[in-house]
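Please read the structure below before turning to the comments.
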Amino acid sequence: MAPRTPQLSPRSLIRSVTLASEYGSEWVEVLAREIERNHRPDRSRLAVRWVWRVLPVPHLRQARCVVCAERWICPDVVWAEGLMSSGRRALDRLDR
């Protein structure tokens with residue numbers, strides 16, 4: 001099964017088109033690349049918990065975004081990844 005690419009929700013698509021009409025599609029793409037580059041989790045989600053100080057048990061921790069402190073994966077990154085994968089076509093149609 002192929003990995004699923006992030007898709008833009010209708011709200012995100014409206015946000016992208018509105019930003020592109022106001023500032024231009026090149027600016028929106030640069031913004032999305034900056035968000036993808038700067039927003040990242042603050043720590044690894046996989047951790048080890050020790051039971052009775054002897055038995056290691058793996059568990060998942062809640063990671064947060066370094067920039068906006070939202071739970072990982074933050075809404076800005078979801079928007080940026082969706083725009084870079086599928087939203088580009090919508091912005092290209094807007095430029096015509």
Side-chain angles (χ1 to χ4, degrees):
M1 197 172 190
R4 208 174 131 220
T5 58
Q7 298 293 320
L8 282 176
S9 67
R11 177 179 283 173
S12 296
L13 184 60
I14 291 169
R15 174 184 179 189
S16 303
V17 170
T18 303
L19 285 172
S21 66
E22 193 167 326
Y23 297 106
S25 61
E26 290 177 11
W27 182 86
V28 175
E29 287 184 30
V30 169
L31 176 66
R33 275 190 241 116
E34 285 294 317
I35 288 174
E36 281 184 326
R37 184 180 16 229
N38 294 330
H39 288 247
R40 60 190 183 284
D42 61 350
R43 60 184 171 188
S44 172
R45 293 202 56 204
L46 185 61
V48 175
R49 183 177 13 194
W50 294 90
V51 178
W52 300 307
R53 296 185 190 183
V54 179
L55 184 63
V57 177
H59 78 283
L60 292 176
R61 296 186 291 196
Q62 181 59 52
R64 297 215 171 259
C65 180
V66 173
V67 176
C68 61
E70 293 280 333
R71 295 177 96 175
W72 188 252
I73 185 167
C74 65
D76 290 337
V77 172
V78 172
W79 170 78
E81 287 179 355
L83 179 74
M84 297 309 290
S85 65
S86 64
R88 220 180 249 177
R89 284 179 247 124
L91 293 178
D92 289 342
R93 279 187 242 133
L94 183 68
D95 283 343
R96 291 181 195 163

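Just so you know, these numbers use all the heavy atoms, side chains as well, and skip hydrogens, waters and symmetry mates.
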ask   = Looking at Ser44 and Arg61, what are the two nearest heavy atoms and their distance?
value = O-NH2, 2.9 Å
query = Between Glu34 and Arg37, is the closest basic N to carboxylate O distance under 4.0 Å?
reply = yes
remark   = Output for pair (Asn38 CG, Cys65 SG), nearest 0.5 Å, gives 9.0 Å
query = Between Ala63 and Asp42, what is the shortest heavy-atom contact and its length?
reply = CA-OD1, 3.8 Å
task = Please confirm whether the backbone N or O of Val57 pairs with a side-chain atom of Arg49, one donor and one acceptor, at under 3.5 Å?
result = no
message = Would you compute the distance between atom CZ of Arg40 and atom CH2 of Trp72 and round it to the nearest 0.5 angstrom?
response = 9.0 Å
remark   = Pro56 and Val48 have their tightest heavy-atom pair at CB-CG1, 3.7 Å
query = Any side-chain heavy-atom pair from Arg64 and Arg71 closer than 4.5 angstrom?
reply = yes
ask   = Do any N or O atoms from the side chain of Arg33 and from the backbone of Ala80 form a donor-acceptor pair under 3.5 angstrom?
value = no
task = Measure across Leu83 and Ala32 and return the closest heavy-atom pair with its distance rounded to 0.1 Å.
result = CD2-CB, 3.6 Å
query = Out of curiosity, does Trp27 fall in the hydrophobic cluster containing Trp79 (side-chain heavy atoms, cut-off under 4.5 Å, transitive links)?
reply = yes
query = If you look at every heavy atom in Ile35 and Asp76, which pair is closest and at what distance?
reply = CG2-O, 3.6 Å
request  = Identify whether Val66 and Ile73 are in the same connected component of the hydrophobic contact network (ILVMFWY, side-chain heavy atoms under 4.5 Å).
outcome  = no
